[in-house]
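Below is one structure; the comments refer to it alone.
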4 protein chains.
Amino acid sequence: MTPDPERGATLRADAARNRERVLRIAREQLAAGDDSLMFNSIARLAGVGVGTVYRHFPTRQAMLEALLVERFQHMIGEVRAAAAEEDAVTSLHRLLRLTLQRMLKDSGFAAVFESDSDADGRMSAMKGELELALTHLLDRAREAGAVRPGLGADDVRRLICGIGHAVRIGDDQAKYAEIYLAVLLEGLRPPR
Amino acid sequence: MTPDPERGATLRADAARNRERVLRIAREQLAAGDDSLMFNSIARLAGVGVGTVYRHFPTRQAMLEALLVERFQHMIGEVRAAAAEEDAVTSLHRLLRLTLQRMLKDSGFAAVFESDSDADGRMSAMKGELELALTHLLDRAREAGAVRPGLGADDVRRLICGIGHAVRIGDDQAKYAEIYLAVLLEGLRPPR
Amino acid sequence: MTPDPERGATLRADAARNRERVLRIAREQLAAGDDSLMFNSIARLAGVGVGTVYRHFPTRQAMLEALLVERFQHMIGEVRAAAAEEDAVTSLHRLLRLTLQRMLKDSGFAAVFESDSDADGRMSAMKGELELALTHLLDRAREAGAVRPGLGADDVRRLICGIGHAVRIGDDQAKYAEIYLAVLLEGLRPPR
Amino acid sequence: MTPDPERGATLRADAARNRERVLRIAREQLAAGDDSLMFNSIARLAGVGVGTVYRHFPTRQAMLEALLVERFQHMIGEVRAAAAEEDAVTSLHRLLRLTLQRMLKDSGFAAVFESDSDADGRMSAMKGELELALTHLLDRAREAGAVRPGLGADDVRRLICGIGHAVRIGDDQAKYAEIYLAVLLEGLRPPR
DNA sequence: AATGAATGAGTCTTCATTCAT
DNA sequence: AATGAATGAAGACTCATTCAT
């Protein structure tokens, strides 16, 4: 038995192995651009029964979130670190750039990051911590004149999601990402 | 027989009538928030056979585009008029605000406006004219200092789509639309 | 196109053919003792797609009822004729015997005959007519002293269903049917 | 270790405890109107593994029977007592009324009481004793003129099951039970 | 040109049972 | 003896598309 960091419980060795297999396959599918996450085919590819997949992940959304628990936990650390840095503005910009790139690379991440309704309470909790940390960072950046009043952490989340969307529409994402991000960063500042 | 302005051909009277019925129902469905556009139910509601729907619109995308021909033609006029106005900056802002509201009100419009691949050449042609007119307007606004260099009409289209997306993520669209639009407008300006 | 007596509408020739095929297979399945009426296998055996089966019969109950429309219509005639005969008591006994035998031979019939909730309004209508005719017969048999007061047509229906159930429990149905029916017939009379 | 009266073997204390837990939950489920007796959910509710449930009860039928051992044993006593009473006819009527009410209250009991095939030999043995005792009672009632010749204990069992079925079909069981029982009791008598 | 019945692959989901732990 | 994760057959149902009428 090994502790399962994502469930706060202990999983039988084989169960944990299957869970990981399923998650690995799901990750591959998403990476390959197939965001349908069909339980039957995931099960087949993972070499387990469908029932096993359902046992671990009652819904598609739950699977998506499970796929991202580590990433979100990592992000919380990043945002906290960013909020603690000396130069809040640079820090904010770097954070937003990083987040944008993550969204572009991983559509599953983008989907969960955008969504307001989580299947799993732990995901909601993490989002709450994320928002808190971002609020701190934002407050400091605001003091430095880089953020207009009236824009909260959730607004910034939505806006960066919007920018991600704008970049994705186009055909040369690498090219647009930096430009559109620059537009956002300038737009966040108090109007002249 | 009446000329069919959208097909460049002549349609039998009953065919034209059926076409309009289908479009009307499709419009109603979209307006009612159902963007699945299922051909079978549209056919049923329109009182025609599915085959008839397929004859007129080979794909969902084609139907969507047909639904929006008038709207796009109207838009072309708007953008041209905007480009001709004295105060290009105000004009640009008004145009973007109008477009944003249109996207929020009509998800079908948003989908086609965002898309880079059209089912029907006439839609592509219209988009080309739209881009041309917007380029003019943008050039004039740029001279007035309201648009940074390096941002073309297509960029602005994508960015306003992104803002629309950001607004749609939230639960109180009316509240966010104006704020996020303001962020975009400020962001479009040359950096300080 | 031929008129479809069971739908009150006109069915396309091929549709009618398919409908009959499906009903024939369903009938065979039931006769073979399989009362599960699985749509997929019925479709396969009938040589049609599942969708076709679903189109004709939205639910299992609807299919069962469709299977029995003719039988119920015939029964209505029988009960009316029975109610019109000279010797109401003999007539009632013969009718109940016939019904019991029908229930034992055809479990589908027994199921629909017992059920109080019909999928199709026409079935409910037929049951209503059946009840009416039986009420007449019962009234006449009551006058002849063969039916106790307080027992209506629906009670008799339930009781004969119960007798059918009692017979079915045993292993030698032929043996029990007549005896248990005799018990019922005597029990229907006013108490001594 | 405690002797397990129902298995003729000795059960480890924890095994006996588990067995009782499972039976208690199963009883509750049935009482709550859920007669599906799903092993997985029973196991979950009982706080044991499914495997444990299977170990104790190889089939649903076996579980049902185990649930009813006490009740049947009690019934044997009742029927014997009834057979010993002075007024056999009254006694028989009271017994049938009691049995009917039991069937209506407890669908599990009804199922096992009706069934001719038992999973457990002890259940068959009990049914045998029941039949014997009922035969005595019936013989005495027959002498008193309340039961026609040719009707044995098993027939009466089936008939009361049939009456239970008839009552269950309707929507107002309390109302029909007494009437239909009266029909049966009169029907049991020798024909006039 | 119109019809709409038919198609049937595709997907989802459950649950009785087994067996490795 | 107990566990409960795993299994996967089984069955239900949908809907985009075709094609005979």
Side-chain angles (χ1 to χ4, degrees), chain A residues 1 10-19 21-22 36-44 46-56 58-60, chain B residues 11-19 21-22 36-44 46-56 58-60, chain C residues 1 11-19 21-22 36-44 46-60, chain D residues 11-19 21-22 36-44 46-56 58-60:
Chain A
M1 305 272 189
T10 303
L11 238 51
R12 231 169 62 182
D14 55 345
R17 195 163 49 242
N18 283 335
R19 193 172 192 280
R21 275 190 203 172
V22 168
S36 62
L37 283 193
M38 290 185 307
F39 276 32
N40 279 298
S41 62
I42 287 178
R44 187 166 21 80
V48 304
V50 221
T52 304
V53 181
Y54 273 93
R55 165 180 290 269
H56 286 294
T59 65
R60 195 179 321 289
Chain B
L11 236 51
R12 244 169 52 179
D14 55 344
R17 199 162 45 242
N18 283 338
R19 192 172 193 281
R21 276 191 201 172
V22 168
S36 62
L37 282 193
M38 290 190 308
F39 276 31
N40 279 290
S41 58
I42 287 177
R44 185 164 23 79
V48 303
V50 223
T52 305
V53 180
Y54 271 92
R55 164 176 298 270
H56 286 295
T59 65
R60 191 179 324 288
Chain C
M1 307 272 191
L11 236 52
R12 230 168 61 182
D14 54 346
R17 196 163 48 243
N18 283 333
R19 191 170 193 279
R21 274 190 203 172
V22 168
S36 62
L37 283 193
M38 291 186 307
F39 276 32
N40 279 297
S41 62
I42 287 177
R44 185 163 23 77
V48 304
V50 221
T52 303
V53 181
Y54 274 94
R55 165 180 291 269
H56 286 295
F57 311 104
T59 65
R60 195 178 322 288
Chain D
L11 237 52
R12 242 169 54 182
D14 56 343
R17 200 164 43 243
N18 282 338
R19 192 171 192 283
R21 275 191 203 172
V22 168
S36 63
L37 280 194
M38 288 191 308
F39 277 31
N40 279 289
S41 59
I42 287 178
R44 185 163 24 79
V48 304
V50 221
T52 305
V53 181
Y54 271 92
R55 165 175 297 271
H56 286 296
T59 65
R60 191 181 323 289

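Naming: A, B, ... by sequence-line order, numbering from 1 per chain.
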Please determine if a side-chain N or O atom of Arg60(C) lies less than 4.0 Å away from the OP1 or OP2 oxygen of dA12(F).
-> yes
Does any nucleotide pair with dA9(F) by Watson-Crick or G-U wobble geometry, both distances under 3.5 Å, and what is it?
-> dT14(E)
Indicate, with a heavy-atom threshold strictly under 4.0 Å, whether Tyr54(A) touches base, sugar-phosphate, or nothing.
-> base
Side chain Asn40(B) and base dA16(F) donor-acceptor under 3.5 Å | yes
N/O donor-acceptor pair under 3.5 Å between Arg60(C) side chain and Leu37(C) backbone | yes
Between Gly47(B) and Val53(C), the residue closer to the 5' end of DNA chain E by nearest nucleotide is Gly47(B)
Which nucleotide sits closest to the side chain of Met38(A): dA1(F), dT11(E), dT7(E)?
-> dT11(E)
Quick one: Arg55(A) CZ to dT3(F) C1', roughly how many Å, whole number?
-> 11 Å
Which whole-number value in Å describes the distance from Phe39(D) CZ to dT14(E) C1'?
-> 17 Å
Please give the nucleotide sitting opposite dA1(E) as a Watson-Crick or G-U wobble pair, both distances under 3.5 Å, or none.
-> none
Measure from the side chain of Val50(D), starting at C-beta and using heavy atoms only, and say which of dT18(E), dC15(E), dG8(E) lies closest.
-> dT18(E)
For Arg44(B) and Val50(B), indicate whether the former's side chain and the latter's backbone hold a donor-acceptor pair under 3.5 Å.
-> no
Can you see which heavy atom on Phe39(C) is nearest to which on Phe57(C), and at what distance?
-> CE2-O, 3.3 Å
Side-chain N or O of Thr52(C) closer than 4.0 Å to phosphate OP1/OP2 of dA5(E) = no
Rounded distance (Å) that lies between atom P of dT3(F) and atom CZ of Arg44(D) | 15 Å
Starting from P on dA2(E), measure out to CG on Asp14(B) and report it in whole angstrom.
-> 5 Å
Qualifying residues under side chain to side chain donor-acceptor pair (under 3.5 Å), relative to Thr59(C), sequence neighbours excluded | none
Between dA6(F) and His56(A), is there an OP1 or OP2 to side-chain N/O distance shorter than 4.0 Å?
-> yes
Tell me: CZ of Arg21(B) to P of dA1(E), nearest whole Å?
-> 17 Å
Walking DNA chain E from its 5' end, the first of Asn18(B) and Gly51(A) to be reached, judged by nearest nucleotide, is Asn18(B)
Would you mind telling me which of Asp14(B), Asn18(B), Val22(B) makes a side-chain contact (heavy atoms from CB on, under 4.5 Å) with Thr52(B)?
-> Asn18(B)
Using Watson-Crick or G-U wobble geometry with both distances below 3.5 Å, tell me the partner of dT7(E), or none.
-> dA16(F)
Atom CG of Leu37(A) to atom P of dT11(E): distance rounded to whole Å?
-> 13 Å
Tell me which of Pro58(B) and Val48(A) sits closer to the 5' end of DNA chain F, going by the nucleotide each one is nearest to.
-> Val48(A)
Within the structure shown, what part of the strands sits under 4.0 Å from Arg17(B) by heavy-atom distance: base, sugar-phosphate, or nothing?
-> nothing
